[in-house]
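To keep things clear, I will list the structure first and then write my remarks on it.
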Amino acid sequence: MYPIKFVRENIDLLKKAAELKGQKVDWEKFEQLDNERRRLIMFLEERKKWQKDLTEKISKIEDKNSVAPLITQARKYSDEIKEVEKKLNQIEREIEKIISFIPNIPHSSVPIGKDARDNVVVRQWGEIRERNFKVLPHWEIGEKIGIFDFSVGAKITGSFFPVFKEKGALLVRALINFMLDLHIKNGFREVWVPSIVNRDSLFNTGQLPKLEDDMYYLERDDFFLIPTAEVPVTNLHKNEILKEEDLPIYYVAYTPCFRREAGAYGRETKGLIRVHQFDKVELVKLVKPDTSYDELETLLGEAEKVLQLLNLPYRVVLLCTGELSFAGSKCYDIEVWCPGVEKYLEVSSCSNFESFQARRANIKYKRKDGKTDYIHTLNGSGVALPRTIIGIIENYQTEKGEIIVPEVLREYMKIDKIT
RNA sequence: GGAGGGGUAGCAUAGUGGUCUAAUGCGGCGGAUUGCUAAUCCGUUGUGUCGUCGAAAGGCGGCACCGUGGGUUCAAAUCCCACCCCCUCCGCCA
């Protein structure tokens with residue numbers, strides 16, 4: 001959330017950012033309301049000053065008779081102030097609403113573009129092996145060997161709520177533990193956080209106001225199910241001033257994630273590709289501003305490490321301006337090659353939000369020189385489970401229809417094959 | 001869900017209608033003293049916003065901010081109402 005003054009003084013920069021991200025903002029109305037607001041404030045402050053002086057005079061006079069006319073005058077000011085203040089309040093609410101739809105500014109290193117075709121593949125890792133048999137898509141083989149089941153999930157809840165069974169459930173649990181252990185070993189502090197958050201937290205990380213329809217909403221309490229651990233974890237330090245020596249702070253959290261995926265039906269919705277509830281291990285960094293782009297690269301490296309250890313071929317994609325999320329200033333996606341569905345599937349998104357989320361969540365740090373400044377926040381999946389499971393099922397498939405357990409998961413699963 | 005207590009600047013605390021223009025302590029920053037450290041002493045101290053000066057850093061002046069939002073009053077940290085959060089107890093419950 002930009003301060004009103006910043007918006008006024010940097011309006012061209014912000015206009016450009018919104019345009020690059022394809023975000024509509026009513027700039028004309030902003031300028032009109034901003035002028036009106038300042039006019040009203042000047043008027044109000046003058047009246048308030050007069051009234052204050054009068055009030056002080058009244059408090060010092062003891063003779064009741066000479067006070068009466070002063071009170072009459074003061075009452076007049078008071079009524080006037082109340083009326084104009086009401087108007088001002090309404091205008092400020094409108095301005096706030098407009099500002100809340102101004103997106104973060106893309107970093108200069110982000111390629112300009114409209115959609116996924118303008119993204120840039122920055123590297124590829126791992127070898128895509130030629131197979132001498134037809135690799136089956138995960139939904140065929142997964143249901144056949146009984147590690148997950150969609151129809152039973154549909155019975156319990158609805159479509160796209162998978163049930164993992166036996167070795168499948170074990171695989172889920174193993175992946176979560178493997179990832180957590182890995183990240184903890186690399187300096188991330190584990191936290192366990194609520195999966196339900198309030199409106200304020202979602203606004204702070206930038207999911208609101210734009211994505212309200214994509215989330216599960218608990219009307220009685222005005223709470224939401226989290227779409228990602230980014231929300232509760234980034235908000236851990238809401239309204240705090242951190243010490244410079246405490247930074248950077250690295251967190252890792254496992255949470256379930258809930259997404260309504262409104263309007264996504266029919267698009268990449270087979271099998272485990274797009275589901276309403278899934279598991280994810282998330283990395284969050286709170287850092288000093290001058291380090292955030294270096295931190296983004298190392299964050300990306302942490303997420304890549306997961307796939308490297310699982311030995312899954314992937315590529316790293318730098319998102320163009322049009323694909324960048326509302327709150328992000330730079331973002332890399334990691335996509336695993338899945339030979340069954342013959343597609344790269346996104347398993348991680350690593351973003352730098354610069355001070356965008358920190359401003360909204362009011363997270364600052366005190367510098368050595370005594371001044372306070374907003375921190376920068378970053379997060380990245382490390383990584384999301386369902387598509388990683390797709391990657392494992394499809395890359396580790398044998399001709400007989402079995403799935404070899406990746407080396408690093410064997411100590412967690414105590415088996416070397418899923419049959 | 002019910003009853004009571006509480007929420008005041010980075011932290012801790014005082015303030016129950018009008019010198020509150022929010023006190024005090026700690027911490028932070030600057031300085032003095034000083035073999036070093038510590039202690040002591042002096043000074044300083046938050047956020048937002050409007051106007052104005054300035055290239056800028058910032059200065060000057062005003063207004064607002066005591067959990068959030070309303071209300072009463074000439075005047076609210078203080079009184080009233082609603083909500084949120086924390087603590088104690090009771091009830092219910094995996």
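Excluded from the calculations below are hydrogen atoms, water molecules and symmetry mates; all remaining heavy atoms, backbone and side chain alike, are included.
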Quiz item: Of the candidate nucleotides B:G18, B:U47, B:G27, which contains the atom at the shortest distance from the side chain of A:K364?
Solution: B:U47

Quiz item: In the structure shown, which nucleotide is the Watson-Crick or G-U wobble counterpart of B:C92, with both distances under 3.5 Å?
Solution: none

Practice problem: Select base, sugar-phosphate, or nothing to describe what A:Q51 touches, counting heavy atoms under 4.0 Å on all strands. | Solution: sugar-phosphate

Quiz prompt | Pair assignment for B:U37, Watson-Crick or G-U wobble, requiring both distances under 3.5 Å | solution = none

Practice problem: Measure the distance from CG on A:L88 to P on B:C50 and round it to the nearest whole Å. | Solution: 11 Å

Quiz item: Given atom CG of A:D222 and atom C1' of B:A82, what is their separation to the nearest angstrom?
Solution: 16 Å

Quiz item: Should B:A9 form a Watson-Crick or G-U wobble pair with both distances under 3.5 Å, which nucleotide is its partner?
Solution: none

Self-check item: Gap between atom CG of A:N198 and atom CG of A:N204 - 0.5 Å precision
Solution: 8.5 Å

Quiz prompt | P atoms of B:G25 and B:G67, separation to the nearest Å | solution = 23 Å

Exercise. Nearest-nucleotide wise, let me know which of A:E45 and A:F223 is further upstream toward the 5' end of RNA chain B.
Key: A:E45

Quiz item: Are any of A:S78's side-chain N or O atoms less than 4.0 Å away from OP1 or OP2 of B:A75?
Solution: yes

Quiz item: Which comes earlier along RNA chain B counting from the 5' end, the contact point of A:Y374 or that of A:E46, where each point is its nearest nucleotide?
Solution: A:Y374

Quiz item: If pairing requires Watson-Crick or G-U wobble contacts with both distances under 3.5 Å, which nucleotide is the partner of B:G18?
Solution: B:C74

Quiz item: Centre of A:F224's six-membered ring, under 6.0 Å away, within 45 degrees of the axis: is that where NZ or CZ of A:R199 sits?
Solution: no

Self-check item: Spacing between A:D53 atom CG and B:U21 atom C1', to the nearest angstrom
Solution: 13 Å

Quiz item: Got a salt bridge between A:K243 and A:E245, using NZ or NE/NH1/NH2 to carboxylate O under 4.0 Å?
Solution: no

Quiz item: Which one, B:U47, B:A75, B:G51, comes nearest to the side chain of A:T372?
Solution: B:U47

Quiz prompt | Nearest to side-chain heavy atoms of A:N89, which nucleotide of B:U49, B:G70, B:G18 | solution = B:G70

Exercise. For B:C20 and B:A76, measure between their P atoms and round to the nearest Å.
Key: 16 Å

Exercise. Would you kindly give the CH2-to-C1' distance between A:W50 and B:A75, to the nearest whole Å?
Key: 19 Å

Practice problem: With heavy atoms under 4.0 Å as the rule, sort A:L54 into base, sugar-phosphate or nothing. | Solution: nothing

Quiz prompt | Proximity to the side chain of A:K48 - top-ranked nucleotide from B:A75, B:G70, B:A64 | solution = B:A64

Quiz prompt | Nearest-angstrom distance from the residue atom CD1 of A:I91 to P of B:C50 | solution = 14 Å

Quiz item: So what does A:K52 touch, heavy atoms closer than 4.0 Å: a base, only the sugar-phosphate, or nothing?
Solution: sugar-phosphate

Quiz prompt | Closest listed nucleotide, where the reference is the side chain of A:M42 and the choices are B:C74, B:U49, B:G51 | solution = B:G51

Exercise. Determine the interatomic distance between P on B:C81 and the same-named atom on B:G5; round to the nearest Å.
Key: 13 Å

Quiz item: For atom C1', what is the distance between B:A77 and B:U68, given to the nearest Å?
Solution: 15 Å

Self-check item: A:K29/A:E94 salt bridge by N-O under 4.0 Å criterion
Solution: yes

Exercise. Give the rounded distance in Å between these two atoms: CG of A:D246 and P of B:G10.
Key: 17 Å

Self-check item: Spacing between A:E56 atom CD and B:C74 atom P, to the nearest angstrom
Solution: 18 Å

Exercise. Have a look at A:R39 and say if it touches a base, only the backbone sugar-phosphate, or nothing, with a 4.0 Å heavy-atom cut-off.
Key: nothing

Self-check item: Span that lies between the P atom of B:C92 and that of B:C85, in whole angstrom
Solution: 23 Å

Self-check item: Euclidean distance, atom CZ of residue A:F43 to atom P of B:G51 [Å, nearest integer]
Solution: 16 Å

Exercise. Tell me which nucleotide among B:U49, B:G71, B:C74 gets nearest to the side chain of A:A74.
Key: B:C74

Quiz item: So, is the end of the A:K210 side chain (NZ or CZ) under 6.0 Å from the ring centre of A:F326 and within 45° of the ring's axis?
Solution: no

Quiz item: What nucleotide, of B:C74, B:G62, B:C50, holds the atom closest to the side chain of A:K49?
Solution: B:G62

Quiz item: Side chain of A:I241: nearest nucleotide among B:G62, B:G10, B:U49?
Solution: B:G10

Quiz item: Considering only B:U49, B:G51, B:C74, which nucleotide approaches the side chain of A:R38 most closely?
Solution: B:G51

Practice problem: Provide the Watson-Crick or G-U wobble partner of B:G61, both distances under 3.5 Å; none if there is no partner. | Solution: B:C50

Exercise. Would you please classify the geometry between the A:F148 ring and the A:F164 ring as parallel, tilted or perpendicular, with 30° and 60° separating the classes?
Key: perpendicular

Quiz item: When the P atoms of B:U13 and B:G17 are considered, how many whole Å apart are they?
Solution: 23 Å

Quiz item: Now, which nucleotide makes the Watson-Crick or G-U wobble pair with B:G4, with each of the two distances under 3.5 Å?
Solution: B:C87

Quiz prompt | Nearest-angstrom distance, P atom, B:G62 to B:G69 | solution = 25 Å

Quiz prompt | Distance, P atom - from B:C65 to B:A9, rounded to whole angstrom | solution = 15 Å

Exercise. Kindly point out which of B:G71, B:C50, B:G27 is positioned nearest to the side chain of A:K86?
Key: B:G71

Quiz item: Is the gap between the ring centers of A:Y251 and A:H237 under 6.0 Å?
Solution: yes

Practice problem: Would you mind pulling out the nucleotide paired to B:C29, Watson-Crick or G-U wobble, both distances under 3.5 Å? | Solution: B:G43

Quiz item: Looking at the rings of A:H107 and A:Y293, which for Trp means the six-membered one, are their centres under 6.0 Å apart?
Solution: yes

